[in-house]
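Working notes, beginning with the structure itself.
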Amino acid sequence: MTSSTLTPAAQVIISLIPLTGIIFTTVLIFFALLWHHHETKMLILKGLYTPKKFNLKAFSLLAGLCLIGTGLVLTVLFALLSGLTWALMSGLLPLATGIALTVFSFINKD
């Protein structure tokens, strides 16, 4: 069934499906963050709150390795499919960012 055989009402309903998903996800994330905020606020009021330590070095290494893998696959794929075109940039950007984050995790002394 092509879009030309659908009625205008069906086309409107089909076009609202992604919008509904985005709105539902946004509302869900909002209430999850609000719940976490109230939970943290109550822990602070009761004196039970301990701040979580963020390990920047481990995060940089993990994010860097993930981006290197993604960027490498995209770079090779676009190089094989279209050669040296601007499409290759969509693989080189995550690759370069991943390399930078990985290098940062190794030179960071903390």
Side-chain angles (χ1 to χ4, degrees):
M1 189 176 253
T2 62
S3 64
S4 61
T5 61
L6 295 175
T7 64
Q11 289 177 356
V12 169
I13 291 172
I14 289 173
S15 66
L16 289 176
I17 291 172
L19 184 63
T20 306
I22 291 169
I23 291 171
F24 178 73
T25 305
T26 304
V27 169
L28 187 68
I29 290 172
F30 170 77
F31 281 110
L33 290 173
L34 183 65
W35 176 76
H36 180 35
H37 168 71
H38 284 295
E39 181 184 32
T40 304
K41 190 169 62 172
M42 295 310 282
L43 285 172
I44 290 171
L45 288 175
K46 292 185 179 199
L48 302 173
Y49 180 73
T50 55
K52 296 180 179 122
K53 292 245 180 198
F54 181 74
N55 190 347
L56 182 62
K57 187 170 181 166
F59 174 77
S60 297
L61 182 62
L62 176 65
L65 291 175
C66 289
L67 285 170
I68 286 173
T70 304
L72 193 62
V73 169
L74 287 173
T75 301
V76 170
L77 177 75
F78 286 127
L80 292 176
L81 290 178
S82 61
L84 292 176
T85 63
W86 286 104
L88 194 61
M89 187 70 79
S90 62
L92 289 174
L93 286 174
L95 180 64
T97 307
I99 290 171
L101 283 170
T102 306
V103 167
F104 171 75
S105 72
F106 285 119
I107 64 172
N108 188 13
K109 299 291 186 232
D110 287 336

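Note that the structure is predicted; figures quoted are calculated from it, not measured. For the numbers below, each heavy atom of this structure counts, side chains included, while hydrogens, waters and symmetry mates do not.
Minimum interatomic distance between L101 and A63 (heavy atoms only, all atoms of both residues): CD1-CB, 4.0 Å.
Residue pairs that meet the side chain to side chain donor-acceptor pair (under 3.5 Å) test with at least one member in residues 82-91, sequence neighbours left out, are S82-T85. Within the structure, ring pair (Phe, Tyr, Trp, His ring centres under 6.0 Å) contacts touching residues 53-73 (residues at least two apart or in different chains) are F54-F59.
Checking L72, I68, L67 one by one against P94, the side chain to side chain contact (heavy atoms under 4.5 Å, CB included) holds for a single residue, L67.
When hydrophobic side chains of Ile, Leu, Val, Met, Phe, Trp and Tyr are connected at separations under 4.5 Å, V76 ends up clustered with L80. The hydrophobic cluster containing L65, built from Ile/Leu/Val/Met/Phe/Trp/Tyr side-chain heavy atoms closer than 4.5 Å, also comprises L61, F106. As a member of the Ile/Leu/Val/Met/Phe/Trp/Tyr network built from side-chain separations under 4.5 Å, L77 groups with L81.
By the ring-ring contact (aromatic ring centres under 6.0 Å, His included) test, Y49 pairs with no residue at all, sequence neighbours left out. Scanning for side chain to side chain donor-acceptor pair (under 3.5 Å) contacts around T70 gives an empty result, with sequence neighbours left out. In this view, F31 satisfies the ring-ring contact (aromatic ring centres under 6.0 Å, His included) rule with no residue, not counting sequence neighbours. Applying the side chain to side chain contact (heavy atoms under 4.5 Å, CB included) rule to V103 yields the partners I99, I107; only residues at least two apart in sequence or on another chain are considered. Legend: residues meeting side chain to side chain contact (heavy atoms under 4.5 Å, CB included) with L92, ordered by chain and number and at least two apart, are T75, L88, L95.
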Residues 20-30 side chain polar contacts: donor-acceptor under 3.5 Å, at least two apart:
residue: T20; atom: OG1; partner: L16; partner atom: O; Å: 2.7
residue: T25; atom: OG1; partner: G21; partner atom: O; Å: 2.8
residue: T26; atom: OG1; partner: I22; partner atom: O; Å: 2.8

Please list every donor-acceptor pair under 3.5 Å in which a side-chain atom of residues 35-43 meets a protein atom from a residue at least two apart or in another chain.
residue: T40; atom: OG1; partner: H36; partner atom: O; Å: 2.9

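Within 6.0 Å of CG on L84 lie no more than 12 heavy atoms contributed by other residues, nucleotides or ligands.
Under a hydrophobic-cluster definition in which Ile, Leu, Val, Met, Phe, Trp and Tyr are linked whenever side-chain heavy atoms come within less than 4.5 Å, directly or via other members, V12 and I14 are assigned to different clusters.
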